[in-house]
Amino acid sequence: MACSRTCSRILGLSLGTTALFAAAANTVLLFPNWDVTYLLRGLIGRHAMLGSGLWGGGLMVLTAATLISLMGWRYGCFSKSGPCRSMLTVLLSSGLALLGALICFINSGVALKDGPFCMFDVSSFNQTQAWKYGYPFKDLHTRNYLYDHSLWNSVCLEPSKAVVWHVCFFSALLCISLLQILLVVIHFINSFLGLFCSLCEK
């Protein structure tokens, strides 16, 4: 049981740290090139505006991490919690963290697939208007912008380095949420084994 509680403390701290990183990465996506004017003008992509790294991989996971840490330290109402309350807390914290991490993971994957929201020249796409904001890589089926780096500076005109900004921070969110999912699975296994061992001891 002591080993299980120690593991919960470490997992709670680790999940809390990843939640803060997820929230930070999503916040940075709202300010391309550290410029606040794009947010004020409403020129931020829907994937960043959804804020899955803020409330999904951030707040939801941070709440679960707090519950896990409280369980690990046996603090407050968890000081003398029975097996039923422990299992309920494990399911609640695991479910909350898993849901938040999955939302962040899926949104980040879709964002990377669709590409950045930027100003581009649509005349090259056989349309009438010359310049507009949108997702130039979303309907570009012939070439994958993630692998073709020649498109990174030639398609998006504004913000500058929009593709690099988009790919870097959504890739970071994807990796963070994947790590969160792994930590949640470890937490569930650790808690289940700890509870099982405590019942066997009784």
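Computed from a predicted structure; not experimentally measured. Computed from heavy atoms alone, side chains included, the values below leave out hydrogens, waters and symmetry copies.
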Heavy atoms of A101 and S177 approach each other most closely as O-CB, 3.4 Å

Hey, could you give me each pair passing salt bridge (Lys or Arg N to Asp or Glu O under 4.0 Å) that has a residue in residues 12-26? Not counting sequence neighbours. none

S171 side chain vs C168 backbone, donor-acceptor pair below 3.5 Å: no

Are side-chain heavy atoms of F188 and S94 found at a separation under 4.5 Å? yes

Give every residue pair that meets the salt bridge (Lys or Arg N to Asp or Glu O under 4.0 Å) criterion with at least one member in residues 94-110, sequence neighbours excluded. none

Residues forming a ring pair (Phe, Tyr, Trp, His ring centres under 6.0 Å) with H187, sequence neighbours excluded: none

Could you tell me which residues satisfy side chain to side chain donor-acceptor pair (under 3.5 Å) with H166, sequence neighbours excluded, listed by chain and number? none

Carboxylate-amine/guanidinium proximity below 4.0 Å for D114 and R46: yes

Can you tell me how far the CZ atom of F120 sits from the CG atom of L151, to the nearest 0.5 Å? 13.0 Å

With ring-ring contact (aromatic ring centres under 6.0 Å, His included) as the rule and sequence neighbours excluded, what pairs involving residues 144-165 come up? W34-W165, F137-Y145, H149-W152, W165-F169

Can you name the residues that form a salt bridge (charged side-chain N to carboxylate O under 4.0 Å, His left out) with D148, not counting sequence neighbours? R143

With side chains defined as the heavy atoms from C-beta onward, is the minimum distance between S93 and V184 less than 4.5 Å? no

Within residues 5-29 or reaching into it, pairs that qualify as ring-ring contact (aromatic ring centres under 6.0 Å, His included) - sequence neighbours excluded: none

Without placing hydrogens or testing angles, list every side-chain donor-acceptor pair under 3.5 Å for residues 51-60, not counting sequence neighbours.
| unit_1 | atom_1 | unit_2 | atom_2 | d |
| --- | --- | --- | --- | --- |
| S52 | OG | N107 | ND2 | 2.9 |
| W55 | NE1 | L50 | O | 2.8 |
| W55 | NE1 | G51 | O | 3.1 |

Considering residues at least two apart in sequence or located in another chain, which fulfil the ring pair (Phe, Tyr, Trp, His ring centres under 6.0 Å) criterion with Y133? F117

Should V167 and I176 be counted in the same cluster of Ile, Leu, Val, Met, Phe, Trp and Tyr side chains packed under 4.5 Å apart? no

Can L178 and L182 be said to form a side-chain contact (heavy atoms from CB on, under 4.5 Å), step by step? CA-CA 6 Å; L178 190 61; L182 180 63; over 6 Å; no

Any chance you could measure L96, atom CG, to L91, atom CG, to the nearest 0.5 Å? 12.0 Å

Can you hop from L30 to M119 via hydrophobic side chains spaced under 4.5 Å? yes

L62-L183 co-clustered via ILVMFWY side chain contacts under 4.5 Å: no

Does any pair with a residue in residues 14-30 pass side chain to side chain donor-acceptor pair (under 3.5 Å), and if so which ones, sequence neighbours excluded? T18-Q180

Taking all heavy atoms of G12 and all of A65, pick out the closest pair and write down the distance. O-CB, 3.3 Å

Common cluster, L43/F31, ILVMFWY with side-chain heavy-atom separation under 4.5 Å: yes

Among residues at least two apart in sequence or on other chains, which ones pass side chain to side chain donor-acceptor pair (under 3.5 Å) with S160? N33

From CA spacing to verdict: side-chain contact (heavy atoms from CB on, under 4.5 Å), L112, H47: CA-CA 9 Å; L112 286 170; H47 306 103; over 6 Å; no

Which atoms form the tightest heavy-atom contact between I44 and P32, and what is the distance? CD1-CD, 3.6 Å

For T37, which residues count as a side chain to side chain donor-acceptor pair (under 3.5 Å) partner, sequence neighbours excluded? D35

Rounded distance (nearest 0.5 Å) linking atom CD1 of I68 with atom CD1 of I10: 12.5 Å

Measuring from T66:OG1 to L15:CG, what's the distance to the nearest 0.5 Å? 10.0 Å

When hydrophobic residues are tied together by side-chain contacts of less than 4.5 Å, even through go-betweens, does Y38 share a cluster with M49? yes

Check: I181 and L102 side chains under 4.5 Å, non-hydrogen atoms: yes

Taking all atoms of both residues into account, what is the closest heavy-atom pair of L173 and A22, and its distance? CD2-O, 3.4 Å

Of all heavy-atom pairs linking L29 and A48, the shortest is CB-CB, 4.0 Å

Closest non-hydrogen atom pair, P159 against C118: CD-CB, 4.2 Å

